[in-house]
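Each remark here refers to the structure printed beneath this line.
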Amino acid sequence: MLDLQYIYDNIDAVAANCTNRGVTVDLDQLRKLRDQRNALIAETDAARHASKDVSSQIPKADAATKPALVEQGRQLRETVSTLEERQKEIEAALREIQSAIPNMTHPDAPVGRLESESKTVRTWGEPRQFDFPPLDHVALCEKHQLFDLEAGARVAGHGFYFLKNEAVLLELALIQYAVQIVRKHGFTLHSTPDLARMDVLEGTGYQPRGNETQIYSIANSDLCLVATAEITLGGTLKDQIVNISDLPMRLAGISHCFRTEAGAHGKATRGIYRVHQFTKVELFAFTAPDVALSDAVHQEIVAIEEEIFQGLGIPYRVLDICTGDLGGPAYRKYDLEAWMPGRNEWGEVTSASNCTDFQARRLGTRCKSPDKKGTQFVHTLNGTAVAVTRALIAVLENGQQADGSIVIPEPLRPWVGQARIG
RNA sequence: GGAGAGGUGGCAGAGCGGCCGAUUGCACCGGUCUUGAAAACCGGAGAUGGGGCAACUCAUCCCAGGGUUCGAAUCCCUGCCUCUCCGCCA
């Protein structure tokens, strides 16, 4: 969420940004509502003041004047409550528009509406040339009994799966490998809840309600299954004021991730590329409210993601995501796309966003500094260390050999206990 | 799951219908004293929103949301959370 006063003062810039991001918002209406709200606040405050005045006279009043004062107080109470009601309505309408406005955008982020307009910043490694027709991960898994989609569907429906045999070891190995690297870079490890309250989801910018929601919710409760540990890690400091000297804070979280994938039918649904549940190691950071500082941590997170995939020997490219594809909270976003021979194309494996103070404002996460009065909203960042299913696809497809075996990347071998599958 | 107790400022902890945005202690910041420090003493200090160029000023905030009342931290209802005891359990 953007600051109301900021929107009001920079309405042209906000409007231009919405256009770039492909978001339609009625900013005129927002402006009107804000003016109404402010007038109403003044009116309500005055009425409350008057009401307080009358109430404070009553205990000292004599018996003759008391009834009149009580009556006056009663009327003022009515006035205050109608005004408060109107204020609430206007504030709700205001908030609805305000929540629809996306974060401002980094000046260097590519402007564009189409996915293809994201800019490739760099590429690491070369897509391997095969002297045999490479199999995709589904075929490889059938061959080596690495997962069971049919059983997954029987138990939980389409989009669920069982990992089996070496795939299980690879999952654990990928988590271990990622966690070790991330910890080395100063990220505090967390194993997080897989459920979170709706207000935490909303604070992080997720929309748990509505037909197109990506979020599973738990019946008869205000809990949801998390779509990423970004939600739970971001929630750790909900409504907290931290000392600026404690920033930046770097957190890493292991969680299961659950996504309904509503509206995604037909798109890359083969195998375990798009699933309803997977395990992920996520990076999260709170930084001081200074774009230079959060930008630096953003670069740090991308560098860690690259280190992870370089260590696995998987070719990837880094995309600077264009305005139309950023999503609401991101000020700037970099994705890593790994080469997936079975798809014969790049596939998204990580995503790192700088959300500046957009999430913090709704989460209520602020910081205090000795030289500034009041508080400021911190900056938040998040990025994928390893999303197991996607990484697994890349590892299996890139490691396949002419004889049908799969070579396991060197850094994973200690945890898998073998150098190849098959 | 059953039975109790409770949630007040950074922490501890009073207040239990008007004089309470809140006594007090600790921690914190400034000052006096001191060669310096400690101790002692004096003073300051919360958040959010509105108005004002500003000094400042007004409103809101005692877990959250409702209610009673002229008036609520204080009374009532609901929810959330914490603690203690019992039961169950990986």
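Note that this is a predicted model, so its numbers are computed, not measured. To find a chain, count down the sequence lines: A is the first, B the second, and so on, and within it residues start at 1.
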field: Whole-angstrom distance between C20(B) and G30(B), as gauged at atom P
entry: 31 Å
- prompt: Within less than 4.0 Å of OP1 or OP2 of C81(B), is there a side-chain N or O belonging to Arg197(A)?
  reply: yes
message: Assess, by modelled atom type and distance only, whether the side chains of Glu305(A) and Tyr316(A) contain a donor and an acceptor separated by less than 3.5 Å.
response: no
message: Can you measure Gln98(A) atom CD to G49(B) atom C1' for me and round it to whole angstrom units?
response: 13 Å
- request: Ignoring the backbone of Pro59(A), work out which of G18(B), G49(B), A47(B) is nearest its side chain.
  value: G18(B)
message: Please report the distance, rounded to the nearest Å, between CG in Asp222(A) and C1' in U78(B).
response: 14 Å
message: Is the phosphate of G49(B) approached by Asn38(A) (side-chain N or O, under 4.0 Å from OP1 or OP2)?
response: no
task: Please determine if a side-chain N or O atom of Arg37(A) lies less than 4.0 Å away from the OP1 or OP2 oxygen of G50(B).
output: yes
task: Go through C70(B), A47(B), G49(B) for me and flag the one nearest to the Arg366(A) side chain.
output: A47(B)
Aromatic contact, His190(A) with Phe284(A) (centres under 6.0 Å): no
message: Nearest whole Å is fine: how far is G51(B) C1' from Asp35(A) CG?
response: 14 Å
- prompt: With both distances under 3.5 Å as the test, what is the Watson-Crick or G-U wobble partner of C88(B)?
  reply: none
query: Atom CG of Asp45(A) to atom P of C61(B): distance rounded to whole Å?
result: 11 Å
query: Under 4.0 Å between a side-chain N/O of His49(A) and OP1 or OP2 of C58(B), yes or no?
result: no
- request: For G66(B) versus U60(B), give the span between their P atoms, rounded off to a whole number of Å.
  value: 15 Å
task: Using the P atoms only, state how far G43(B) lies from G51(B), rounded to an integer number of Å.
output: 36 Å
message: I need the single residue from Ile254(A), Ile231(A), Thr228(A) that forms a side chain to side chain contact (heavy atoms under 4.5 Å, CB included) with Glu282(A). Which is it?
response: Thr228(A)
query: Looking at Thr287(A), Asp290(A), Val242(A), which one forms a side chain to side chain contact (heavy atoms under 4.5 Å, CB included) with Leu247(A)?
result: Val242(A)
field: Nearest-angstrom distance, P atom, A22(B) to G6(B)
entry: 26 Å
- prompt: So, is the end of the Arg343(A) side chain (NZ or CZ) under 6.0 Å from the ring centre of Tyr273(A) and within 45° of the ring's axis?
  reply: yes
statement: Per the under-4.0 Å heavy-atom filter, residues of residues 60-85 of chain A near RNA chain B come out as Val70(A), Gly73(A), Arg74(A), Arg77(A)
query: Do the ring centers of Phe162(A) and Phe160(A) come within less than 6.0 Å of each other?
result: no
query: Whole Å only: how far is the CG atom of Leu223(A) from the P atom of C80(B)?
result: 10 Å
Identified pairing partner of G9(B), criterion: Watson-Crick or G-U wobble below 3.5 Å: none
query: Quick one: Gln57(A) CD to C19(B) C1', roughly how many Å, whole number?
result: 15 Å
N/O to N/O distances under 3.5 Å, protein versus nucleotides 7-13 of chain B:
none

message: Taking C63(B) as the reference, what is the distance to G13(B) when you measure between their P atoms (whole Å, please)?
response: 15 Å
- prompt: Watson-Crick or G-U wobble partner for C41(B), using a 3.5 Å limit on both distances?
  reply: G31(B)
query: With sugar-phosphate meaning primed atoms plus P, OP1 and OP2, does Ser51(A) contact a base, only sugar-phosphate, or nothing at under 4.0 Å between heavy atoms?
result: nothing
query: Rounding to the closest angstrom, what is the interatomic distance between A3(B) and G10(B) at atom P?
result: 35 Å
- prompt: What is the ring orientation for Tyr334(A) with His298(A), classed by angle as parallel under 30°, tilted 30 to 60°, or perpendicular over 60°?
  reply: tilted
- request: Could you give the distance separating G9(B) and C26(B) at their C1' atoms, to the nearest angstrom?
  value: 14 Å
Identified pairing partner of C70(B), criterion: Watson-Crick or G-U wobble below 3.5 Å: G18(B)
message: Partner lookup for C83(B), please. Criteria are Watson-Crick or G-U wobble with both distances under 3.5 angstrom; report none if nothing qualifies.
response: G4(B)
Integer angstrom distance from the C1' of G4(B) to that of U69(B): 31 Å
query: Just one of Val200(A), Leu225(A), Thr232(A) clears the side chain to side chain contact (heavy atoms under 4.5 Å, CB included) bar with Leu195(A), so which one?
result: Leu225(A)
Atom-pair distance (NZ on Lys52(A); C1' on C19(B)), nearest Å: 13 Å
task: Tell me what Lys88(A) touches on the nucleic acid: a base, only sugar-phosphate, or nothing, going by heavy atoms under 4.0 Å.
output: sugar-phosphate
- request: Verify the contact: side-chain N or O of Thr44(A) to OP1 or OP2 of G50(B), cut-off strictly under 4.0 Å; return yes or no.
  value: no
- line: Of the listed G49(B), C70(B), U48(B), the closest approach to the Thr375(A) side chain comes from U48(B)
message: One pair to check against side-chain contact (heavy atoms from CB on, under 4.5 Å): Leu392(A) and Ile272(A). What are the steps and the verdict?
response: CA-CA 9 Å; Leu392(A) 194 56; Ile272(A) 56 168; 4.1 Å; yes
query: Who are the salt bridge (charged side-chain N to carboxylate O under 4.0 Å, His left out) partners of Asp26(A), not counting sequence neighbours?
result: none
query: Rounding to a whole Å, what distance do you find between Glu91(A):CD and U48(B):C1'?
result: 11 Å
message: Looking at every heavy atom in both Leu114(A) and Cys322(A), which two are closest together, and how far apart are they?
response: O-SG, 3.1 Å
message: We want to know whether Thr356(A) and Asn103(A) form a side-chain donor-acceptor pair, criterion being a heavy-atom distance below 3.5 angstrom.
response: yes
field: Partner nucleotide, any strand, of U60(B) [Watson-Crick/G-U, under 3.5 Å]
entry: A47(B)
